Number of protein chains: 2
Amino acid sequence: MQKEIELFRDGLKKNNLKVTRQRLRVLEAFLKTEKHVSCDELYRLIRGEHPEIGYATVYRTLKLIQEAGLAREVDFGDKVLRLEHEYGHKHHDHLICLACGKFFEVFDPDIEALQEKLAKKQNFTPVRHKMDIFGYCQKCQGKSASCV
Amino acid sequence: MQKEIELFRDGLKKNNLKVTRQRLRVLEAFLKTEKHVSCDELYRLIRGEHPEIGYATVYRTLKLIQEAGLAREVDFGDKVLRLEHEYGHKHHDHLICLACGKFFEVFDPDIEALQEKLAKKQNFTPVRHKMDIFGYCQKCQGKSASCV
DNA sequence: GTATAATTGAAAATGATTTTCAATTTCATA
DNA sequence: TATGAAATTGAAAATCATTTTCAATTATAC
Ligand SMILES: [Zn+2]
Ligand SMILES: [Zn+2]
Ligand SMILES: [Zn+2]
Ligand SMILES: [Zn+2]
């Protein structure tokens, strides 16, 4: 966490941006949660301890956190922008339960290799990818999507 | 296209919904375009020939087209809901160019098999998946994302 | 044809995201 | 440590895609 804070400060300095109390609070809150958090969720978390920090500041700081390479966007198909930790977290893909909403992080080097190959075959230079598998987790076997 | 129209009519009848002039116009417009079209884009296309058809009708009909199994949602990460043809189009994944926005439909049975295996290993029952590879197409090699 | 129930289009509502702006704060420099 | 230019802040408003409302219109079963 110390390393992340340092990277954040460096990212700010590099762009002539200021290190503020609010920005540090937002970063800390983001680093503390291991979920795939939305801006709104993070704002509500922070509000408990720091009700003086506004939504816009959380929103803007999340952009800065992304720019510093500490977070990446994930999309679970629920129309909400979510962020997950990037620093110290290797690339992975997701299994997402249609019933309970839980997700699992997975990684398969064979799939990754085939993805490279697939792109190259089309003379396409891959930069990044997103692979999300939707279905039912062990606990939700047999349930339909409606059981929340 | 005749088959698709029939399926659409069947879908409506099955749910006690009415076959209207507007719904057929929207379906035809959707079937005619082979792009991954958004509601707004389709509305603008239709407006040329049928300015009397409202946005809400296009929006609502697109839902019905999905429910009839004729369209599926695709997400290119641009925050807009897009639909592509489903009927007669096998499952595929996408290569999406970060520079020019063009996309290519791809399919790799080996990847599909490994995806199944990966999910099963976690006792997860896969239903559907999304795999999007972002990068640069042949024409845009070496360009940065800013060149549109 | 009539009755009934569904559909329509315009406009308003929604909900996440993004911007505006005047007051406040940071921080390089003196 | 004081100063002042430049960046930041929070509240509120704007934006933008999506979704709903509602009174008038239309499809369809009888
Ligand atoms: Zn991957
Ligand atoms: Zn589950
Ligand atoms: Zn696939
Ligand atoms: Zn496609």
Side-chain angles (χ1 to χ4, degrees), chain A residues 5 8-30 36-68 71-83, chain B residues 5 8-30 36-68 71-83:
Chain A
I5 295 175
F8 185 58
R9 296 184 99 107
D10 290 351
L12 292 177
K13 290 253 175 65
K14 204 185 307 168
N15 293 294
N16 283 336
L17 301 177
K18 291 170 177 171
V19 177
T20 67
R21 184 173 46 75
Q22 290 95 328
R23 284 178 177 165
L24 290 172
R25 292 300 152 276
V26 174
L27 176 64
E28 282 162 17
F30 173 70
H36 294 57
V37 82
S38 71
C39 181
D40 188 64
E41 286 165 358
L42 197 63
Y43 168 65
R44 287 162 191 278
L45 279 176
I46 291 170
R47 201 168 48 176
E49 289 205 48
H50 304 282
E52 77 282 5
I53 296 183
Y55 187 98
T57 300
V58 176
Y59 167 79
R60 287 181 289 222
T61 305
L62 283 176
K63 293 268 167 208
L64 297 173
I65 290 173
Q66 283 181 73
E67 281 158 25
R72 77 167 75 90
E73 295 186 1
V74 289
D75 175 10
F76 285 0
D78 62 354
K79 303 259 176 74
V80 184
L81 195 64
R82 295 175 179 285
L83 296 180
Chain B
I5 295 175
F8 185 58
R9 298 184 97 107
D10 290 352
L12 292 176
K13 291 253 174 66
K14 203 185 308 169
N15 293 294
N16 283 337
L17 301 177
K18 292 171 178 173
V19 176
T20 67
R21 184 173 45 75
Q22 291 95 326
R23 284 177 177 167
L24 291 173
R25 290 303 152 273
V26 174
L27 176 63
E28 283 162 16
F30 173 70
H36 294 59
V37 83
S38 71
C39 182
D40 187 65
E41 286 165 358
L42 197 63
Y43 167 67
R44 286 161 193 279
L45 279 175
I46 292 169
R47 199 169 51 176
E49 288 206 48
H50 305 282
E52 77 282 3
I53 295 182
Y55 187 97
T57 299
V58 175
Y59 166 79
R60 286 181 290 224
T61 305
L62 283 176
K63 292 267 166 209
L64 297 172
I65 290 173
Q66 284 181 73
E67 281 157 24
R72 79 168 74 92
E73 295 186 1
V74 288
D75 175 10
F76 284 0
D78 62 354
K79 303 263 175 71
V80 185
L81 196 64
R82 295 173 180 286
L83 296 179

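Quick note on labels: first sequence line is chain A, next is B, and so on, each numbered from 1. None of these values were measured; they are calculated from a predicted model.
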>> Applying a 4.0 Å non-hydrogen cut-off, can you work out what A:R60 is touching in the nucleic acid: base, sugar-phosphate, or nothing?
In response: base

Discussion item. Closer than 4.0 angstrom, basic N to acidic O: yes or no for A:E52 and A:R21?
Written reply: yes

Next on the checklist: So, OP1 or OP2 of C:dT7: does either fall under 4.0 Å of a side-chain N or O from B:T57?
Outcome noted: no

- prompt: At under 4.0 Å, does any side-chain N or O of A:T20 touch on OP1 or OP2 of D:dA7?
  reply: no

Between B:C39 and A:T61, whichever has its closest DNA chain D nucleotide further toward 5' is A:T61

Distance check: side-chain N/O of A:Y59 vs OP1/OP2 of C:dT18, anything under 4.0 Å?
yes

B:K18 atom NZ is separated from C:dA6 atom C1', nearest whole Å, by 4 Å

So CD1 of B:I65 and CD of B:E67: to nearest 0.5 Å the spacing works out to 10.5 Å

Main-chain N/O of B:L17 paired with B:N15 side-chain donor or acceptor, under 3.5 Å = no

Kindly say if B:R23 contacts the phosphate of C:dT8, meaning a side-chain N or O under 4.0 Å from OP1 or OP2. yes

- Message: Counting only side-chain nitrogens and oxygens, does A:Q22 get under 4.0 Å of the OP1 or OP2 atom of D:dG10?
- Response: yes

Taken to the nearest whole Å, OH/A:Y55 to C1'/D:dT8 is 19 Å

When rounded to the nearest 0.5 Å, the distance separating CG of B:L27 from CG of B:L12 is 9.0 Å

Quick note, A:A56 side chain, CB onward, closest among D:dT28, D:dT18, D:dA12 is D:dA12

- Return no unless some side-chain N or O of B:K63 is found under 4.0 Å from OP1 or OP2 of D:dT19. yes

hbond_proxy B:K79 side chain to C:dA16 base (donor-acceptor, 3.5 Å cutoff):
no

Original post:
With a 4.0 Å cut-off on heavy atoms, is B:N16 in touch with a base, just the backbone sugar-phosphate, or nothing at all?
Top reply: sugar-phosphate

Rounded to whole Å, CG of A:L62 lies from P of C:dT17 at a distance of 10 Å

